[in-house]
Amino acid sequence: METKKLKVFIAEDEAVILTSFKLMVREMGYSIAGSAANGKDALEKIQNTEPDLILMDINLPEKDGLSVLEEVNRNKVIPSIIVSGEFSGELVDRANEVGVFGYLLKPIDEKQLEVTIKVALRRFEEFKEMSDKHENLNMALKERKLVERAKGILMDRFGVKESEAMKQMQKKSRDKNKKLVVIAREIIDAEKLLS
């Protein structure tokens, strides 16, 4: 993610700190996607602006920062950094459960913020890579199950061995220039029609 294109949303109820965060974020070369002084407002604005990163105070009026991030992450995970004036194991545990990518304690200087943003973005990239791998593995498993099911149908219907059923499917795949899983789906669909 290029730094010039990074859009940061900031939620902070203290006006002086909010202004300070905005200045720091701009100094780093990022843009401000939006800001809010309470949790309810933050949730609505985040959903409308779709920022690349969220900087969120925990103690916001109307809805606390972690509850806001929990709702945001239900729809789409956005890398987030939580900001707090206090440290407690309970808050850290809750932040981890919500899926926060960074945790900062006030007062915060520009270097701390810059490093935490970079770490959060890197952790988010790793998270996306793992999610993609997981999704690909799930897809491969589903496709494998379809192929196995189609093989079983051919074995039952034509009384052939597993290896022969597989060869027939592979030949049909080559002849029709279709993926094996597509052929498997066609066989399963045909079987449903015949049953």
Side-chain angles (χ1 to χ4, degrees), residues 1-60 63-142:
M1 208 175 283
E2 285 182 38
T3 55
K4 298 294 179 202
K5 294 183 180 177
L6 188 81
K7 297 180 299 181
V8 181
F9 186 91
I10 305 168
E12 170 61 59
D13 63 329
E14 294 181 47
V16 174
I17 296 174
L18 177 61
T19 302
S20 173
F21 282 156
K22 285 180 178 180
L23 288 170
M24 285 190 250
V25 165
R26 286 190 183 109
E27 278 292 312
M28 290 175 223
Y30 307 135
S31 67
I32 307 296
S35 63
N38 68 65
K40 192 176 172 188
D41 214 16
L43 181 61
E44 186 179 313
K45 288 181 178 180
I46 289 167
Q47 291 168 337
N48 291 331
T49 59
E50 294 189 19
D52 301 314
L53 181 102
I54 300 168
L55 184 61
M56 176 82 62
D57 187 18
I58 284 183
N59 296 316
L60 291 172
K63 192 175 194 84
D64 74 88
L66 289 173
S67 296
V68 171
L69 292 175
E70 195 169 31
E71 277 193 55
V72 167
N73 286 342
R74 274 191 211 128
N75 301 323
K76 177 185 177 186
V77 177
I78 298 173
S80 55
I81 297 167
I82 205 76
V83 177
S84 179
E86 60 183 280
F87 174 83
S88 79
E90 187 181 308
L91 282 177
V92 172
D93 290 344
R94 186 153 175 246
N96 280 326
E97 286 171 17
V98 168
V100 170
F101 289 85
Y103 193 110
L104 284 170
L105 287 172
K106 293 176 186 175
I108 297 160
D109 65 38
E110 191 172 333
K111 279 289 170 214
Q112 280 178 300
L113 183 58
E114 187 172 12
V115 167
T116 305
I117 287 174
K118 288 180 191 248
V119 169
L121 291 174
R122 182 67 197 129
R123 286 188 65 212
F124 180 67
E125 288 303 317
E126 290 168 358
F127 166 80
K128 279 194 335 193
E129 287 170 17
M130 291 301 288
S131 293
D132 291 347
K133 282 181 187 174
H134 184 331
E135 197 173 302
N136 289 341
L137 285 172
N138 277 342
M139 184 61 73
L141 183 61
K142 285 178 185 173

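Counting begins at 1 with the first residue of the sequence. All values derive from a computational prediction rather than experimental measurement.
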Find out whether [X] and [Y] are in side-chain contact, i.e. whether some heavy atom of one side chain is under 4.5 Å from a heavy atom of the other.
{"X": "I17", "Y": "V83", "result": "no"}
{"X": "I117", "Y": "Y30", "result": "yes"}
{"X": "I10", "Y": "L18", "result": "yes"}
{"X": "H134", "Y": "M130", "result": "no"}
{"X": "L6", "Y": "M28", "result": "no"}

Are E126 and R123 ion-paired here, with the side-chain N under 4.0 Å from a carboxylate O?
no

Please walk me through it: do E125 and K128 pass salt bridge (charged side-chain N to carboxylate O under 4.0 Å, His left out)?
CA-CA 5 Å; E125 288 303 317; K128 279 194 335 193; 3.6 Å; yes

If you compare all heavy atoms of [X] against all heavy atoms of [Y], which two are closest, and at what distance to 0.1 Å?
{"X": "P79", "Y": "L121", "result": "CG-CD2, 4.2 Å"}
{"X": "V25", "Y": "S31", "result": "CG1-O, 4.2 Å"}
{"X": "A33", "Y": "P51", "result": "CB-CB, 3.8 Å"}
{"X": "A120", "Y": "L53", "result": "CB-CD1, 4.4 Å"}

Sort and list the pairs that fulfil ring pair (Phe, Tyr, Trp, His ring centres under 6.0 Å) and have at least one residue in residues 69-91, not counting sequence neighbours.
none

Gap separating the [atom1] atom of [X] from the [atom2] atom of [Y], nearest 0.5 angstrom:
{"X": "L137", "Y": "D132", "atom1": "CG", "atom2": "CG", "value": "11.0 Å"}
{"X": "S84", "Y": "L104", "atom1": "OG", "atom2": "CG", "value": "10.0 Å"}
{"X": "E114", "Y": "D109", "atom1": "CD", "atom2": "CG", "value": "10.5 Å"}
{"X": "F9", "Y": "L55", "atom1": "CZ", "atom2": "CG", "value": "10.5 Å"}
{"X": "L69", "Y": "I81", "atom1": "CG", "atom2": "CD1", "value": "11.0 Å"}
{"X": "T116", "Y": "I108", "atom1": "OG1", "atom2": "CD1", "value": "8.0 Å"}

Run V72 and M56 through side chain to side chain contact (heavy atoms under 4.5 Å, CB included) and show every step you take.
CA-CA 12 Å; V72 167; M56 176 82 62; over 6 Å; no

Would you say T19's side chain and A15's backbone share a donor-acceptor pair under 3.5 angstrom?
yes

Quick test of your reading: applying salt bridge (Lys or Arg N to Asp or Glu O under 4.0 Å), list the pairs with at least one residue in residues 70-85, sequence neighbours left out, ordered by first then second residue.
E50-K76, K63-E71

If the condition is side-chain hydrogen bond (donor to acceptor under 3.5 Å, both in side chains), which residues does K142 pass it with, not counting sequence neighbours?
none

side-chain hydrogen bond (donor to acceptor under 3.5 Å, both in side chains) contacts touching residues 34-47 (sequence neighbours left out)
K22-S35

Acceptor/donor pairs from residues 94-103 side chains to any protein atom, 3.5 angstrom cut, sequence neighbours excluded:
residue : atom : partner : partner atom : Å
R94     : NH1  : D64     : OD1          : 3.3
R94     : NH2  : S67     : OG           : 3.0
N96     : ND2  : V92     : O            : 3.4
Y103    : OH   : E86     : O            : 3.3

Mind checking what makes salt bridge (charged side-chain N to carboxylate O under 4.0 Å, His left out) contact with E14, not counting sequence neighbours?
K106

For E135, I'd like to know if atom CD has over 12 heavy atoms of other residues, nucleotides or ligands within 6.0 Å.
no

